[in-house]
Each structure stands twice: as structure tokens, then as C-alpha cells.
Amino acid sequence: MSLISDNLQVVRAQLTACAHNSGRNPANICLLAVSKTFGADAVVEAASHGQSCFGENYLQEAIDKIAEVQRLAPELTLDWHFIGPIQSNKTRQIAEHFSWVHSVDREKIASRLSEQRPAELAPLNICLQVNISGEASKSGVMPEQLFALAKAVVALPHLRLRGLMAVPEASDDVARQRQAFSQLRQLKESLSGQGIELDTLSMGMSGDMNSAIAEGSTMLRIGSAIFGKRTYAE
Ligand SMILES: *Cc1c(COP(=O)(O)O)cnc(C)c1O
């Protein structure tokens with residue numbers, strides 16, 4: 001057994017146990033393996049143990065890796081999710097190579113992604129990154145601007161608005177973790193009250209996945225718990 005397959009088993013068991021503790025169906029929680037800084041071989045290894053969704057933060061690294069995985073294992077069909085900061089001059093490659101983008105936080109980026117999404121591909125699945133209080137990264141739309149952005153994205157033809165994403169400040173305090181995730185869940189409920197129904201809450205990383213599941217996460221973004229410690233900083 002490889003380390004990655006051991007880790008995947010542990011993470012899946014934790015996901016299942018935690019879902020049950022929260023009265024949730026584990027089948028409604030997708031595990032996204034965040035492979036940033038790890039090579040194509042690690043992705044192929046995880047895929048050989050049933051993992052099919054992968055998240056990447058750095059565009060050039062991701063494009064190279066996607067091509068390399070394709071070369072190593074052409075039989076694999078994987079779902080690639082872009083979860084990192086987006087520069088507006090990089091939207092075309094994102095629109096061409098990914099099936100999801102979790103880090104949309106302004107209308108300009110959204111409209112470029114829609115324009116540049118190749119017509120032969122399905123609409124690009126979008127999560128809006130929200131800057132909930134204490135968000136670790138500086139990115140994310142402010143909650144007060146979320147409804148306007150969501151309305152604009154819904155109107156774009158080659159995008160499909162799926163949900164909300166957040167990266168709360170890392171904390172060992174479960175109450176603080178849950179408070180941040182609860183805010184994101186409430187924002188999703190408030191959009192629903194305004195006629196925008198979303199099916200995805202992209203929240204929870206290696207250090208806070210239990211809290212995220214308890215607060216309704218439908219997509220965990222797990223890196224180090226699957227692939228090990230990263231050797232260069234994010
Ligand atoms: C790196 C990263 C993750 C994964 O973090 P881990 O703590 O390694 O699980 C999840 N989401 C985003 C946006 C990231 O940048």
C-alpha cells in the first residue's frame with residue numbers, strides 16, 4: 001500500500017464518520033484532492049485509488065501537470081478544479097483546461113471566463129469566493145457585494161453558478177472554525193431566499209474538515225492530508 005492510498009483511506013473514513021455524526025449522507029460530500037506542488041505521478045497514484053477530482057492553485061503548474069497526467073495515463077478522465085487566485089490575463093487558459101473554478105470574486109473575471117469558455121465544452125462550473133470575516137487570503141467578494149455578483153454570473157451564458165467558497169483563517173479552535181463555515185452556509189441560504197439556488201459549499205481543508213462537514217460542506221478541498229506536507233509555501 002502506498003502512502004497516498006493509505007491517506008485517502010483515512011480521509012474517506014473521516015469524511016464518512018463525520019457525515020454520520022452530523023446526520024448527513026457522505027455521498028453528498030465530494031472530496032477534492034488538492035495536488036498543488038505535487039507531481040503528475042502523485043495524481044495518477046491517487047486516481048488509481050479511485051480519486052477523480054483534483055484542485056490546483058497555480059495556473060502554469062496545473063497546465064503542465066494536466067498534460068503530463070494525460071501523457072502518463074491517457075485512459076483517465078479527471079475533473080480539474082482551479083482554486084487559486086485569478087489574474088485577468090490568465091482566464092483563457094483556465095476556461096480551456098478546467099471544469100470548475102472556485103475562486104471567482106469579481107464580475108470582470110467571470111465575464112472573461114464565460115467569453116473564453118470553448119463552445120464545445122460544457123458550461124464552466126463556478127463557485128464565488130467570499131471574504132468572510134477573518135478570511136486568510138485577501139481575495140473574495142465582500143458579503144455585501146455577493147448578491148450583485150451572483151446575479152451577474154447567473155446571467156453569463158457559458159458559466160454555471162454552483163456555489164460559494166471560502167478559505168477561513170486557520171484556527172485550532174473548533175468553535176471559530178464552525179463560526180466561519182456557518183457564515184458561508186448562511187450566505188448561501190440568503191441567496192436562496194433571493195431566488196438564487198446553489199448546490200455547492202466549497203469549504204473545509206485538512207485542518208478543519210470536520211467543522212466544515214458539520215456546517216454543511218458539500219466539497220472538501222484536501223491537500224496535505226492526502227499528499228503529505230508541501231515543501232514550498234502557498
Ligand atoms: C492549499 C489549499 C487547500 C488545501 O489545503 P490543505 O491544508 O493542504 O488541505 C485548499 N484550498 C485552497 C484554496 C488551497 O489553497
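Indexing begins at 1, ligand by ligand and atom by atom, following the structure's order.
Heavy atoms from both the backbone and the side chain of I83 come within less than 4.0 Å of ligand 1.
A salt bridge links E215 to R185: at least one charged side-chain nitrogen sits closer than 4.0 Å to a carboxylate oxygen. A salt bridge links K65 with E56: the distance from a Lys NZ or Arg NE/NH1/NH2 to an Asp or Glu carboxylate oxygen falls below 4.0 Å. Ion pairing between a basic and an acidic side chain is recognised when a charged N comes within 4.0 Å of a carboxylate O; R112 and E115 show no such pairing.
A donor-acceptor pair shorter than 3.5 Å can be found between the side chains of S182 and Q186.
Heavy-atom proximity to I222, at under 4.0 Å, picks out these atoms of ligand 1: 9 (O). Under a 4.0 Å criterion applied to the non-hydrogen atoms of G223, ligand 1 contributes the atoms 4 (C), 6 (P), 8 (O), 9 (O).
Among K36, R221, E56, the residue whose heavy atom lies nearest to atom 14 (C) of ligand 1 is K36.
Residue contact check for ligand 1: R230 places a non-hydrogen atom closer than 4.0 Å to it.
By the 3.5 Å distance cut-off applied to N or O atoms, V34 is not counted among the residues near ligand 1.
Residues W80 and F98 place their aromatic rings such that the two centres sit no closer than 6.0 Å.
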